Visitor: 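Structure provided below as structure tokens; questions to follow.
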Amino acid sequence: MANTLTITKPDDWHLHLRDGDMLKGVIADTSANFSRAIIMPNLVPPVITVADAISYRERILAAKPKGHNFTPLMTLYLTEQTDPNDVADGFKSGVVSACKLYPAGATTNSASGVSNFDNIMPVLEKMADIGMPMCVHGEVTDSDIDIFDREAIFIDRVLDPLRKRIPELKVIMEHVTTKEGVDYVKSNDTLLAATLTTHHLIINRNAILAGGIKPHYYCLPVAKRELHRLALREAATSGDKRFFLGTDSAPHIDPLKLSACGCAGIYTSINTMSCLAHVFEQENALEKLEAFTSLNGPAFYGMEPNSEKITLTRQDEPIEYPTKVKTKQGDVTVFDPMFPLHWSVN
Ligand code: DOR
Ligand code: ZN
């Protein structure tokens with residue numbers, strides 16, 4: 001069995017960095033191992049305009065450790081009032097890389113998201129014209145729809161009709177969690193792709209609910225049945241260009257997770273590469289890891305892969321990593337994959 005693996009330095013195509021003390025506490029876990037990341041705009045208040053994105057980008061760069069070579073790729077939070085010209089200017093000037101569509105109420109800080117999709121048609125048409133991608137949180141929010149069905153129903157009721165209205169729009173289905181999501185992406189052409197998270201390749205819904213409720217495994221979209229996890233693993237490890245890593249690493253301090261109404265989000269930035277090497281090794285697909293973490297994402301976004309390399313090393317003894325990340329806001333619990341990790345990045 002190979003003990004080292006050298007690959008193109010990865011990017012994270014879906015990341016929550018937050019702001020202020022939380023940003024300062026977590027940024028190094030990403031900037032140490034990833035060259036670029038698509039930065040989610042769901043701050044309070046959200047990153048809506050290009051001016052918002054410019055100032056958030058400056059705060060990220062100021063918080064980054066000096067020696068780390070890391071580029072934040074900014075996104076704008078789509079609202080029903082978003083100005084198509086502002087979006088286009090931001091994309092053409094290279095300040096923003098994509099827009100994020102949150103159905104209103106779908107997840108953390110999504111209250112300003114979209115309820116009536118007709119109202120965002122002008123901005124989506126503009127994005128299609130200029131080749132700007134849309135990242136989408138693909139879940140319906142209707143209270144009568146079972147939470148485990150919300151992704152599959154979103155595809156049928158919202159995403160597929162929307163793509164038929166604007167077939168030239170480049171779409172990334174973020175954090176796909178179902179076989180239906182994987183199949184939908186596979187049945188389409190080059191304008192549709194999906195990010196997959198580290199944790200959804202490792203846990204199914206039992207991790208959250210069996211043997212006691214475990215809030216640190218709660219995220220949105222919520223982890224599904226085992227058959228879905230297996231479909232995600234097959235997609236990630238197949239090398240298929242339409243699937244790439246977006247960790248959705250989403251830090252919340254422990255008191256907000258361990259609560260009667262706990263926040264959704266799993267923090268994986270610090271051990272993602274170790275977890276992924278383990279998953280790809282289990283699937284006898286280590287040679288496909290680079291495509292998933294470092295090649296497919298830039299190809300879809302129309303960017304060059306990074307020129308730097310990283311080497312992953314396997315040791316017999318389990319590696320050590322912190323179970324908590326300490327920030328000035330409080331502790332953030334690190335994702336526990338429930339198996340020892342043997343791969344580390346040097
Ligand atoms: O689990 C999640 N956490 N899913 C999301 O969509 C948002 C994220 C967050 O911002 O905490
Ligand atoms: Zn997210």
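Values in this document were obtained by computation on a predicted structure and should not be read as measured data. Whatever order the structure lists them in is the order used to number ligands and atoms, beginning at 1.
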Visitor: Does the side chain of P337 reach to within under 4.5 Å of the side chain of H278, using non-hydrogen atoms?
Guide: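 Side chain of P337 against side chain of H278, heavy atoms only: no contact under 4.5 Å found.
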
Visitor: Please list the nearest protein heavy atom to atom 3 (N) of ligand 1 with its residue and the distance rounded to 0.1 Å.
Guide: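 Nearest neighbour among protein heavy atoms for atom 3 (N) of ligand 1, to 0.1 Å: A264 O, 3.0 Å.
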
Visitor: Salt bridge or not between K100 and E174? Use side-chain N to carboxylate O under 4.0 Å.
Guide: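 Looking at E174 together with K100, the answer is no, because their closest N to O distance does not fall below 4.0 Å.
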
Visitor: Provide, to 0.1 Å, the distance between atom 7 (C) of ligand 1 and the closest protein heavy atom, together with that atom's residue and name.
Guide: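 Checking every protein heavy atom, the shortest distance to atom 7 (C) of ligand 1 gives T107 OG1, 3.2 Å.
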
Visitor: Let me see the working for T313 and S344 under side chain to side chain donor-acceptor pair (under 3.5 Å), right down to the final yes or no.
Guide: CA-CA 5 Å; T313 306; S344 57; 5.2 Å; no

Visitor: G265 versus ligand 1: do any nitrogen or oxygen atoms come within less than 3.5 Å of each other?
Guide: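 Between G265 and ligand 1, an N or O pair is found under 3.5 Å apart.
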
Visitor: With heavy-atom distances below 4.0 Å as the criterion, list the atoms of ligand 1 near C219.
Guide: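 Those atoms are 1 (O).
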
Visitor: Aromatic rings Y217 and F335: how do their planes relate, parallel, tilted or perpendicular, breaks at 30° and 60°?
Guide: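 It falls in the perpendicular class, over 60°.
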
Visitor: Of all the atoms in ligand 1, which lie at a distance below 4.0 Å from a heavy atom belonging to A250?
Guide: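 Going through ligand 1 atom by atom, the ones under 4.0 Å from A250 are 3 (N), 8 (C), 9 (C), 11 (O).
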
Visitor: Search all heavy atoms of L23 against all heavy atoms of R18 and return the closest pair with its distance.
Guide: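 Shortest heavy-atom separation between L23 and R18 comes out as CB-O, 3.8 Å.
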
Visitor: Can you tell which part of D248 has a heavy atom less than 4.0 Å from ligand 1: side chain, backbone, both or neither?
Guide: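 For D248, only side-chain atoms sit under 4.0 Å from ligand 1.
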
Visitor: Hey, are R36 and D11 close enough for a salt bridge, meaning a charged N less than 4.0 Å from a carboxylate O?
Guide: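 Yes, R36 and D11 are salt-bridged.
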
Visitor: Measuring from the heavy atoms of R18, does anything fall under 4.0 Å of ligand 1?
Guide: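 Yes, that is the case, since the closest heavy atom of the residue is under 4.0 Å from the ligand.
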
Visitor: Does CD1 belonging to I213 count more than 12 external heavy atoms closer than 6.0 Å?
Guide: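 At most 12 heavy atoms, drawn from other residues, nucleotides or ligands, come within 6.0 Å of this atom.
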
Visitor: Tell me, please: is H252 in heavy-atom contact with ligand 1, that is, under 4.0 Å?
Guide: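 Under 4.0 Å: yes for H252.
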
Visitor: Give me the one residue out of T272, T197, D12 that meets side chain to side chain donor-acceptor pair (under 3.5 Å) with T247.
Guide: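 The single option meeting the side chain to side chain donor-acceptor pair (under 3.5 Å) with T247 is D12.
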
Visitor: Stepwise, does the side chain to side chain donor-acceptor pair (under 3.5 Å) test hold for H342 with Q315?
Guide: CA-CA 5 Å; H342 293 268; Q315 62 184 50; over 6 Å; no

Visitor: Listing residue and atom name, which protein N/O/S atoms are closer to the Zn ion (ligand 2) than 2.8 Å?
Guide: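 Protein N/O/S atoms under 2.8 Å of the Zn ion (ligand 2): H14 NE2, H16 NE2, D248 OD1.
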
Visitor: Which part of I266 is near ligand 1, with near meaning a heavy atom under 4.0 Å away: side chain, backbone, both or neither?
Guide: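 For I266, no heavy atom sits under 4.0 Å from ligand 1.
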
Visitor: Find all atoms of ligand 1 within a distance of less than 4.0 Å from any non-hydrogen atom belonging to H137, and give their numbers and elements.
Guide: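 Listed by number with element, the hits are 6 (O).
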
Visitor: Is a salt bridge present between E308 and K9, judged by a nitrogen-to-oxygen distance below 4.0 Å?
Guide: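 Counted as a salt bridge, because a side-chain N and a carboxylate O are separated by less than 4.0 Å.
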
Visitor: Check the pair L232, H175 against side chain to side chain contact (heavy atoms under 4.5 Å, CB included), reporting the backbone distance first and the verdict last.
Guide: CA-CA 10 Å; L232 305 180; H175 41 53; over 6 Å; no

Visitor: Around atom 4 (N) of ligand 1, find the nearest protein heavy atom and jot down its residue, atom name and distance.
Guide: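 Residue, atom and distance for the closest contact: L220 O, 2.7 Å.
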
